[in-house]
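Contents: one structure, followed by commentary.
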Amino acid sequence: MSGKKRKLMKVYPIEENCISCRYCEVACTMVHSKSKDPVKAYKLENLLPRATVEVKGAVSLSLMCRHCKHPFCFDSCISGAIQVDEKGQVHLDEEKCVGCWNCVLVCPFGAAHPYIREEKRHSFKCDLCGDRGFPACVEACPNKALVYDYER
Amino acid sequence: MLFKKPQVAFYPFMVLRDDYKCIRCKSCVDQCSFDATYYDEDLDMVLNRHENCVNCKRCEAFCPTDAIKVIKNPSTFHPDANWTAEALRDIHTQMLTGAVILTSTGNDKPIRNYFDHLLLDACQVTNPPIDPLREPMELKTFIGRKSDQLEFDEDGISIKTTIGKQLELEIPVLFSAMSYGSINLNLQKAMARAAKEFGTYWNTGEGGLHKSLREFKDCTIVQVASGRFGVDLEYLETSAAIEIKIGQGAKPGIGGHLPGEKVNEGIAETRMIPVGSDAISPAPHHDIYSIEDLRQLIYALKEATNYEKPVFVKIAAVHNVAAIACGIAHAGADAVVIDGVRGGTGATPKSLRDHVGIPIELAIAAVDDRLRKEGLRNEVSLIAAGGFRNAVDVLKAIALGADAVYIGTVAKIAAGCTQCQQCHTGRCAWGITTNDPKLAKRLNPDIVAENLYNLLRAWAHDIKELLGAMGINAIESIKGNRLRLRSWGLTEQENKILGVLPAGM
Amino acid sequence: MEVKKISDGIFEITCGTTHYREVNRKVKELVAKGAEKIILKSVYGQRYIGTGIKGKVKIEVYGTAGNDLGIFLYGPEIEVFGNAQDGVGNTMRDGKIIVRGHAGDVCGYGMRGGKVYIEGDVGYRVGIHMKGYKNLVPTFIVGGKAGNFFGEYMAGGILILLGLNKKPGEDIVGDYCATGMHGGVIFVRGEVPQRYLGKEVKVFEPTSEDMKLLTNELKGFSEAFNIPVEEILSEPFTKIVPVSARPYGRMYAHRWGIASGLIK
Amino acid sequence: MKYVIVGNSAAAVGCITGIRKVDKESPITVISYETSCYSKPMIADVLVDIPQEKLIYRDEKFFEENNVELILGQKAVKVNTDSKAVVLDSNELVPYDKLLISTGGKPFIPPIPGIEKRGVFTFTELASAFAFKNYLKEKGAEEVVVIGSGFIGLEVAYFLRELGIKVKVVELLNRVLGRAMDERGSEIVESLMREKGVEFIFGNTVEEVLGDKEVSSVRLKSGETIKADAVVVAIGVRPNTELAETAGMKINQGIVTSDRMETSVENIYAAGDCIECLDITDGKRKPIPLFPLAFEQGFVAGLNMAGKRMKYLGGIPLNSLKFLPVPVLNAGTVSPPDNSYEVIVNDQFDKRGYYRKAVIKDNRLVGFVAIGEIDRVGILTNLIRQKIDVSDFKERLVSLDFGLVDLPKWWREEKLKEDRTAYKDWRAV
Amino acid sequence: MGCYSEMSGCGLAGIVNRDAKPISGKFIYDSITSMKERGNGMGAGYAAYGIYPEMADYYAFHVMLDDIDCESEVNTVLGRSFRIVKSEIIPTKPVPSLYKKTKPPVFYRYFVEPREDARLPMESEEDLVVRVVMTINDKVKGAYVISSGKNMGAFKGVGHPDEIGDFFEIKEYKGYIWLAHTRFPTNTPGWWGGAHPFTLLDWAIVHNGEITSYGTNKRYVEMFGYRCTLLTDTEVAAYLFDLLFRKHRLPIRAVFMAMAAPFWKDIEHYKKTGLDKLYKMAKMIRTVYAPAMLNGPFAMLFAFKDGVIGFNDRIKLRPFVAAEKGNTVYMASEESAIRVICEEPDRVWMPKAGEPVIALLNHCKEEDICYPA
């Protein structure tokens with residue numbers, strides 16, 4: 001983590017617009033799948049979404065990694081799988097992760113999730129769609145409830 | 001169907017679900033505002049209560065894997081042209097409740113749509129069509145009282161005549177009155193923005209003007225209805241024009257009830273009534289029991305606003321609409337709005353929606369004719385409303401004699417409405433006719449404002465294309481120009497009322 | 001029409017049969033110039049007196065005030081020395097109207113603020129659809145008797161009927177009193193025959209809390225007409241309040257309501 | 001400015017990160033008797049042949065990039081406060097301007113006769129883990145006794161079962177994880193361990209380690225003797241304050257530090273398992289030997305060493321059992337010591353495989369347990385940390401879909417919209 | 001149109017001197033003119049009683065002629081049944097503003113005496129007059145009988161009340177009963193005959209409002225031989241009144257009970273309070289004269305030689321004020337219209353819904369003016 005000025009873009013949820021349709025969740029799962037097919041992603045590849053749609057009555061919002069300026073997960077990661085790059089983006093290396101769940105335990109947004117299925121045990125979280133260039137959730141959101149924007 | 005009335009089993013719609021494609025994302029469960037979809041944890045399946053389904057298609061639209069289709073229940077009553085499923089279900093409803101059947105949206109009966117029987121003209125050889133893409137095309141329309149002639153000063157250039165304040169429209173289409181309460185603030189916001197952006201007007205309806213919309217003053221028509229909700233001097237001043245609502249096409253002759261449970265803080269404040277109290281609009285204005293009373297109110301409004309605002313009077317198109325419209329013109333209104341039998345609503349007894357009033361096409365023709373006969377046509381603008389579906393309908397209405405057209409249902413559809421006729425339940429899954437905060441936010445004013453703007457833009461282009469084909473480059477040249485209309489499949493009497501010739505003549 | 005300046009800020013207009021538009025324009029003009037009190041003399045039914053004026057100004061009317069006196073009123077105080085016709089305080093928002101005589105039909109329609117005091121009787125449909133929101137509460141007090149449909153559709157506010165001029169055997173209020181009422185409160189001095197009341201309302205004896213409110217509201221009336229509050233309160237009052245804020249909840253049904261179990 | 005860090009684990013890396021946030025130039029020297037920067041909580045994984053590279057917490061690249069000089073394999077034995085230098089066991093002097101002591105903890109070894117015998121192991125260093133593994137192999141061990149059923153004890157026992165070795169865990173209390181976990185949690189963990197084949201001997205302790213030079217069996221307090229090819233002592237760690245003592249700083253149970261991680265000696269800071277840390281759930285200072293806390297403390301120390309004033313506002317005891325098939329997490333106070341606490345439980349373990357419990361005091365969440373379903377429990381941790389009033393949504397705390405939507409709107413807005421995710425925004429209470 | 005009544009809103013005024021002392025037309029003129037706002041300048045009219053004292057024994061036919069040429073035809077029709085004592089053009093004064101709207105027709109008045117031999121078997125004198133009126137209206141193109149009573153006349157046309165008043169020089173007439181009307185037709189063919197009052201024999205009627213039961217009432221009176229040619233509410237009301245009062249000879253209170261019938265709830269209440277006769281009467285009237293009930297908003301003034309009766313619809317949807325001073329009774333839509341001509345009345349009151357105000361000449365009955373319900 002060097003001290004270069006962060007010029008990070010991240011996804012901002014807009015509670016007022018979120019209609020809890022979960023398109024973000026499905027889109028996320030889909031683009032992170034091998035098949036790039038939502039049904040297969042869920043049913044064959046057993047993937048889980050990195051964004052979480054929270055609903056409570058009228059209030060709903062989609063939450064994903066906030067790429068904190070000083071991330072708790074980074075502090076607590078015992079394997080060094082979580083790193084912060086020069087832009088400020090927080091990366092979680094799923095290969096390196098040993099599944100100690102410390103990040104799950106400390107993330108104030110609940111944005112680091114445990115993956116415990118079959119033999120695989122690791123944490124995963126929003127990677128801002130890495131190579132895709134643009135977060136799938138934002139693109140999928142039908143009500144402009146997610147905005148990809150520079151950090152404020 | 002345990003613990004339910006047996007008739008509930010005869011539901012009209014059902015939800016088909018491809019369980020293989022269902023990924024249990026539960027989007028449909030969350031989207032269904034009619035409690036027709038639920039997730040069972042033990043079965044790990046999404047299931048349906050078909051009897052609650054209203055065919056709003058929200059789940060269908062929002063299933064990310066396209067696993068859902070809502071269909072008409074294939075199980076039918078005994079096929080009978082007389083005792084239709086609707087007739088049977090209505091009896092069930094009334095025998096179980098002893099109540100008037102409430103419904104919403106516009107008339108769904110196959111009342112002849114005369115627009116579909118009218119054809120427009122085009123230029124060939126003897127005169128040239130105009131290419132609207134390159135050449136000027138004017139749609140600017142003025143709504144307001146004009147005078148019959150102009151008087152000049154002696155200098156030959158200064159005009160002595162003064163005319164009433166006019167509304168300037170860039171397209172002869174305005175957004176119809178839909179009150180805050182019947183629809184939510186988001187749609188009002190969207191309409192206001194689109195209207196402002198495009199250069200037309202939107203109408204508050206009878207629910208008052210929310211404070212957040214005051215900035216749209218110059219493109220707002222404020223309505224004064226029998227409930228007088230939200231009406232005070234400030235409200236009247238925050239407007240481009242004032243509309244007195246006497247009646248509405250979907251429910252001529254009755255008022256409206258906004259049920260108390262829909263009256264939230266915002267609505268209460270805007271309407272100036274307590275939270276949770278019914279907002280009842282009486283059938284009549286209790287200060288208008290006769291035409292001279294209408295004049296009294298028109299002039300009250302003019303007095304209150306120093307004669308600075310045009311005053312419209314909106315009535316439902318009823319049998320004697322032409323005479324009434326003339327009376328309204330006499331009473332001093334600057335514009336008469338007539339709302340046809342296909343006009344929409346947020347709630348109305350079914351019997352009224354389907355059986356009261358007359359089609360707007362006939363009403364326009366009759367009113368325009370009568371106003372001309374009385375020499376009043378210049379005195380008053382004529383705005384038609386109720387059942388306009390596209391730019392062609394608008395143009396045909398103008399050719400029949402309207403100055404401009406109000407669109408309400410179209411705006412709703414542009415905002416997502418699928419015409420499921422459940423506005424009155426306040427559960428609109430598309431977030432249009434509901435003020436449930438969870439549902440209302442489904443309508444994002446930013447998106448819908450853009451959609452509405454696009455729609456107006458498309459319609460404007462459409463009208464220009466049609467005008468161009470007729471060799472007309474200004475909308476006023478088609479106004480009342482029934483010669484450019486022909487009809488097909490209508491009776492002689494109908495042609496006479498519409499003032500059009502049958503095709504071929 | 002004749003305009004006279006009485007003193008600084010006080011003007012007198014003799015109206016006669018001048019058209020209301022001219023009279024009202026003059027009034028507005030004078031108010032804009034800073035008039036504090038305007039006396040209208042020889043009024044013969046000029047309409048809309050006091051409308052379109054914001055702020056505090058006093059208008060005195062001598063004669064018969066025309067229809068829609070104080071419609072959309074937004075602050076001024078109007079005092080009528082004589083009778084008023086129909087539509088007093090129509091859709092009024094703020095201010096005060098005092099009528100030293102009787103008033104016609106449909107007074108206080110849709111009123112949402114301010115005070116109206118009528119010394120004598122009122123006609124039919126008075127106080128229809130009065131409403132109130134939070135501290136914006138209208139008060140309409142009738143010193144005499146009222147016709148049918150008193151307080152019909154009332155949604156808020158306070159409507160008080162005193163019947164001070166009532167003769168024995170006379171009804172204080174007409175039939176269909178408070179039909180469709182779903183908000184606000186009506187106080188009637190004396191009794192209202194049950195058969196005159198709409199089925200949407202219930203009658204109560206005023207509580208001490210009510211009496212406090214009543215006494216408070218009556219103060220202005222008592223001052224205006226110089227009738228001691230005690231005298232007004234010397235007879236018991238009837239309080240009329242709606243049974244529900246949703247009087248027509250069970251009037252309408254729809255298929256979905258039944259299917260969903262919402263309508264039982 | 002010359003920074004020196006003694007120790008090379010979480011606190012040290014935190015400190016380097018902290019310093020480099022402010023001071024990108026000055027040299028940093030790390031002194032450690034260990035040979036690599038590995039992850040301490042993972043040493044038990046050595047038993048199940050975890051790939052070597054997974055053990056590494058920060059590789060050489062990290063130190064290179066951050067311009068850190070590593071002095072490995074040498075032990076710092078003394079701090080010379082006058083000359084501001086650290087004395088290594090090679091007598092070499094490492095001068096410092098700012099010094100961080102992050103010497104970590106050392107295993108607590110009870111005074112049991114025979115405990116010094118070969119075949120008795122502790123589990124705080126990689127080297128001892130390897131040694132244990134080799135010993136097992138060498139001996140072809142079949143039965144092992146583990147003393148203590150804390151996290152390390154259970155983890156070792158579990159992994160030993162993976163290797164097919166019979167394990168008996170001797171615990172003084174009557175349940176596992178006695179100090180960290182509530183009773184129901186212990187019960188669940190115990191049942192999971194028993195499923196794996198681990199045997200437990202509760203309410204008992206080892207009185208003597210028997211055998212010649214090497215362990216052969218242990219004698220319990222109950223008088224019973226059980227066979228043991230090896231013994232693992234896992235009854236906790238104590239702050240390692242040996243080096244600190246040489247600097248003459250104030251020490252209680254661990255090194256005493258200020259909020260800025262300064263010790264009582266000027267220019268010397270301390271962080272990690274060797275210090276006394278403020279437990280924000282009960283406001284007491286005590287050693288909390290936890291990895292995330294060590295990192296944070298190191299980070300704050302680093303910032304302060306480099307001149308940026310920052311407070312460390314305390315940590316929460318939190319644990320995660322990573323080896324069990326079902327994840328087990330807990331934080332803060334999980335067993336209410338008196339009845340001034342409110343407990344909300346959602347026990348669906350038998351039916352749906354999860355268990356959640358929240359402990360509330362004065363309308364503030366002070367601890368929770370989550371077993372089975374652990375997704376998003378970080379939100380709860382944060383509630384403890386920020387001491388947010390939970391009275392409005394108490395019952396929701398233990399439900400699986402508890403989320404930010406349950407929290408006050410202003411809070412969400414502040415954190416999400418205004419992007420208040422910097423260190424001070426979170427730690428400030 | 002065709003089967004619909006023409007709707008209009010209006011203002012009305014009436015004055016009766018119960019001593020039958022003549023009152024100048026100026027008063028009614030001022031009264032109705034003060035309510036100009038209630039009309040739209042498309043119709044106004046007056047009816048006056050006692051204006052032809054010298055010709056009091058003859059039927060006075062006011063006939064409106066679109067063209068002076070029709071006169072001979074009218075003369076012929078009249079001559080067949082009557083002896084024409086006198087005929088003249090009704091004097092008028094040009095009012096320029098009137099000509100902007102329409103071209104005023106010519107008004108003729110005939111004072112006539114029925115020929116005995118002209119009467120059909122079983123036909124009363126009144127029936128004869130009605131028949132002739134119908135004939136002229138129906139058969140003579142361009143001629144319409146405006147009024148046909150004795151010692152009375154109607155004056156009406158397209159214009160504001162002041163314009164029509166000036167046109168007919170109303171101020172010059174003196175009568176003991178005056179009715180006036182200013183009209184707000186919702187649409188008007190600009191036809192002078194469409195203005196009010198409507199008269200038949202010596203009935204004159206002015207009306208404000210719209211009768212929503214028009215279709216029912218129209219078909220009902222048509223059963224009795226009336227022909228509704230004018231398609232106005234007022235016409236049908238006049239025929240109803242003629243039918244019930246003149247032909248069926250109902251007592252006045254019964255006539256009004258039929259036309260503005262009490263609600264069933266009130267009828268039940270009569271029974272409860274022991275008013276058995278009233279109960280039975282009300283019930284029978286509502287049963288038998290159901291088609292005669294007028295529904296919708298209205299206020300009406302009926303005048304005949306003996307007085308004026310004003311009444312309102314069942315729920316008082318139109319304004320109606322009455323006042324008296326000495327032996328003069330005033331009725332109007334607005335109080336100000338009374339105050340304009342009578343500054344300080346002895347009494348001003350707002351009659352209740354459906355409750356007729358009966359102002360008869362003193363010599364008629366020793367009954368109070370206001371009929372108590």
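Order of the sequence lines sets the chain letters (A, B, ...), proteins ahead of strands, with each chain counted from 1.
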Looking at [X], I'd like to know if its [atom1] atom is crowded, meaning that more than 12 non-hydrogen atoms belonging to other residues, nucleotides or ligands lie closer than 6.0 Å.
| X | atom1 | result |
| --- | --- | --- |
| B:K146 | NZ | yes |
| B:K302 | NZ | yes |
| B:R112 | CZ | yes |
| B:Y299 | OH | yes |

Margin query: For a 4.5 angstrom cut-off between non-hydrogen side-chain atoms, does B:E292 reach E:N208?
Written below: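 SC-SC contact between B:E292 and E:N208 confirmed.
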Next item on the list: Could you tell me whether the side chain of B:D293 reaches within less than 4.5 Å of the side chain of E:R38, counting heavy atoms only?
Entry: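 Sidechains of B:D293 and E:R38: in contact.
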Item checked: Residue among B:Q296, B:R295, B:K373 with most heavy-atom pairs under 4.5 Å to chain E ->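 Ranked by heavy-atom pairs under 4.5 Å with chain E, first place is B:R295.
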Check: B:A329 versus chain E, heavy atoms under 4.5 Å apart: side chain, backbone, both or neither?
Finding: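 Interface part for B:A329: neither.
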Any idea which heavy atoms bring [X] and [Y] closest together, and the distance?
| X | Y | answer |
| --- | --- | --- |
| B:S290 | E:G209 | OG-CA, 4.3 Å |
| B:G327 | E:F184 | O-CE2, 3.6 Å |
| B:H330 | E:P185 | CD2-O, 3.9 Å |

Next item on the list: To the nearest 0.5 angstrom, please state how far the CG atom of E:D313 sits from the OH atom of B:Y289.
Entry: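 Result: 9.5 Å between the selected atoms.
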Margin query: Run the side chain to side chain donor-acceptor pair (under 3.5 Å) test against E:K265 and tell me which residues pass, sequence neighbours left out.
Written below: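 For E:K265 the side chain to side chain donor-acceptor pair (under 3.5 Å) partners, ignoring immediate neighbours, are C:D175.
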